Amino acid sequence: MAYPRIRIEDARRYAGESVEIAGWLYNLRKSGKIVFPLMRDGSGTMQCVAVKANLDEALFEELKNLTQESSLILRGKIRAEQRAPGGFEMDVESAQVVQRVPESDPYPITPKEHGTDFLMDHRHLWLRSKRQHAVIRVRAEVIKAVRDYFDSHGFTLVDTPIFTPAACEGTTTLFEVNYFDEEKVYLTQSGQLYNEATALAFGKTYCFGPTFRAEKSKTRRHLTEFWMVEPEMAYATLEDVKQVAEELVVFVVGRVLENRRQELADLERDASKLETVKAPFPRMSYDDAVLELQKKGSEIQWGSDFGGTDETLITEGLDRPLMVDRYPTQVKAFYFQPDADRPELALGVDVIAPEGYGEIIGGGQRIHDLDLLLKRLEEHNLPPEAFNWYVDLRKYGSVPHGGFGMGIERFVAWMCGLEHIRETIAFPRMLYRTRP
RNA sequence: UCCUCAGUAGCUCAAUGGUAGAGCAUUCGGCUGUUAACCGAAGGGUUGUAGGUUCGAGUCCUACCUGAGGAGCCA
């Protein structure tokens with residue numbers, strides 16, 4: 001007789017019915033003539049019960065001697081059961097072992113503790129654990145929410161190239177790639193320059209994809225390959241950019257709270273720390289931020305960018321992100337529009353997450369004046385021929401425009417309350433780790 | 001690139017310069033309601049590598065390798 005296959009997350013809807021679940025053995029507890037296989041199917045885990053008296057002798061022995069992460073299909077009746085984690089369990093009637101993990105080479109990740117190095121070496125298996133499921137599901141929710149926000153606010157998705165002929169910002173180190181032995185190209189560090197072209201074509205656009213930084217950064221906030229969403233808007237000022245950034249963050253946090261409560265609970269994330277993330281975010285000028293930081297004991301001097309500890313210090317005690325704007329031009333990329341009243345300041349804004357998660361958004365208003373852009377390219381020693389197309393944007397219907405980039409992994413780390421962003425992507429690429 | 005810390009059983013960790021150990025995992029035995037199940041037994045080691053000090057080094061010294069955290073830079 002054919003039992004309908006269900007997903008464990010739907011089990012409660014099938015109480016009293018005979019079904020089958022296809023998955024893997026998460027753990028096995030046994031007590032003589034009764035065994036409790038804990039099944040995992042990707043949607044959740046469920047305790048099953050196999051009683052010797054009710055089963056064929058050979059089948060009972062097979063179940064009793066199963067090894068962790070063996071793949072199998074169990075059939076039986078779902079029943080509400082207070083003693084079972086999750087409140088439901090399956091009385092096993094029959095089973096089919098698909099592949100038995102041999103005890104000579106057992107599953108390496110046991111239910112006990114493991115160190116980071118070992119877990120990262122076994123990342124392909126670590127992804128099977130409950131905690132990793134929660135993080136990756138929150139990530140999926142964040143990405144979906146980001147797309148939903150832009151798609152419903154007049155933005156068109158226009159993805160930008162990953163191979164680029166030159167540095168986007170002229171500052172950071174790039175990964176070099178041989179392009180058919182003809183020329184060198186680089187892996188993109190930002191889609192922004194191309195976004196400016198698409199924004200002037202479509203009005204409001206965003207790109208979403210991987211970006212690469214070859215800096216030898218070795219901290220809990222850095223990956224060499226990370227995902228970034230970058231909106232760009234024509235006819236937009238710094239104030240417009242700030243408003244969209246604020247709305248986006250509030251929207252995405254709201255979606256995570258709405259749809260991923262269980263995952264946050266699995267991660268023991270204090271959701272009340274996210275419930276306070278509402279507009280308006282506090283706003284502060286760079287000038288005031290420096291004074292505030294100095295008051296709090298930072299060594300920072302006007303003219304330099306914030307360090308990681310400064311970012312933590314400046315958001316201390318805040319229950320929502322902080323927006324800091326108008327940075328000195330020298331700490332920002334060449335394309336920032338200067339402040340009309342104080343040309344030594346760039347119309348840029350950073351959104352700094354609370355709880356020490358640091359900068360999650362950076363953006364601002366771009367230069368729209370042709371002569372100023374040419375001057376800046378020269379000041380930064382950037383080869384003008386590589387930027388011909390970018391300069392064109394200032395010749396043909398140039399308008400004030402702006403946008404920002406949001407780092408997905410940092411955002412997810414903040415949502416999940418993680419120590420390190422390496423867990424927010426399935427296979428992180430870091431300074432000294434490119435495997436698996 | 002620089003600074004700090006760490007490498008001991010498959011994993012997580014102990015071991016005053018003096019016989020390398022425990023828990024988990026694995027194997028065998030016991031247990032009909034277990035909750036990282038429990039109880040009993042067994043197997044499992046070139047202490048990251050190479051030198052050095054010492055009667056004697058997991059332990060002290062030097063170099064290197066690997067990893068982690070941080071700085072700079074950034075999202």
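As the structure is a computational prediction, the values presented were derived from the model and not from experiment. These numbers come from the heavy atoms of this one structure, side chains and all, not from hydrogens, waters or symmetry mates.
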Inset, instruction - Under a 3.5 Å limit for both distances, which nucleotide forms a Watson-Crick or G-U wobble pair with U47(B), could you say? - result: none
Legend entry - Check against salt bridge (charged side-chain N to carboxylate O under 4.0 Å, His left out), Asp10(A) and Arg13(A): CA-CA 6 Å; Asp10(A) 302 325; Arg13(A) 301 212 304 262; 3.5 Å; yes
Inset, instruction - Would you kindly give the CG-to-C1' distance between Asn27(A) and A25(B), to the nearest whole Å? - result: 11 Å
Legend entry - OP1 or OP2 of G69(B) under 4.0 Å from side-chain N/O of Arg422(A): yes
Inset, instruction - Check every strand shown and say whether Arg435(A) touches a base, only sugar-phosphate, or nothing at a heavy-atom separation below 4.0 Å. - result: nothing
Inset, instruction - Before accepting this row, confirm whether a basic side-chain N of the pair Arg422(A)/Glu419(A) lies closer than 4.0 Å to the acidic partner's carboxylate O. - result: no
Inset, instruction - Determine whether any donor atom in the side chain of Glu89(A) lies under 3.5 Å from an acceptor atom in the base of G33(B), or the reverse, and answer yes or no. - result: yes
Legend entry - Asp117(A) CG - U12(B) C1' separation (whole Å): 13 Å
Legend entry - Rounded distance (Å) that lies between atom C1' of A36(B) and atom CZ of Arg131(A): 15 Å
Inset, instruction - Run the salt-bridge test on Arg269(A) and Glu355(A) with the 4.0 Å N-O cut-off and return the result as yes or no. - result: yes
Legend entry - Short side-chain N/O contact from Arg433(A) to OP1 or OP2 of A68(B), under 4.0 Å: yes
Inset, instruction - Using a 4.0 Å cut-off on protein heavy atoms (strictly under), produce a 5'-to-3' string for nucleotides 1-6 of chain B with B for base contact, S for backbone-only sugar-phosphate contact, and - for none. - result: B-----
Inset, instruction - Report which part of the nucleic acid Pro85(A) touches: base, sugar-phosphate, or nothing (heavy-atom distance under 4.0 Å, all strands). - result: base
Legend entry - ring centroid sep under 5.5 Å plus plane angle under 30, Phe226(A) with A75(B): yes
Legend entry - Side-chain-base donor-acceptor pair under 3.5 Å for His222(A) and C74(B): yes
Inset, instruction - Look at all strands and tell whether Asp105(A) reaches a base, only sugar-phosphate, or nothing, counting heavy atoms closer than 4.0 Å. - result: nothing
Legend entry - Over all atoms of both residues, closest heavy-atom pair of Pro231(A) and Phe155(A): CB-CE2, 3.8 Å
Legend entry - Nearest-nucleotide 5' precedence on RNA chain B, Val331(A) against Lys30(A): Lys30(A)
Inset, instruction - Check whether any side-chain N or O of His420(A) sits under 4.0 Å from OP1 or OP2 of G69(B), and answer yes or no. - result: yes
Legend entry - First encountered from the 5' end of RNA chain B, between Met430(A) and Leu223(A): Met430(A)
Inset, instruction - Look at Asp325(A) together with Arg283(A) and state whether they make a salt bridge at an N to O cut-off of under 4.0 Å. - result: no
Inset, instruction - Check whether any side-chain N or O of Arg221(A) sits under 4.0 Å from OP1 or OP2 of A71(B), and answer yes or no. - result: yes
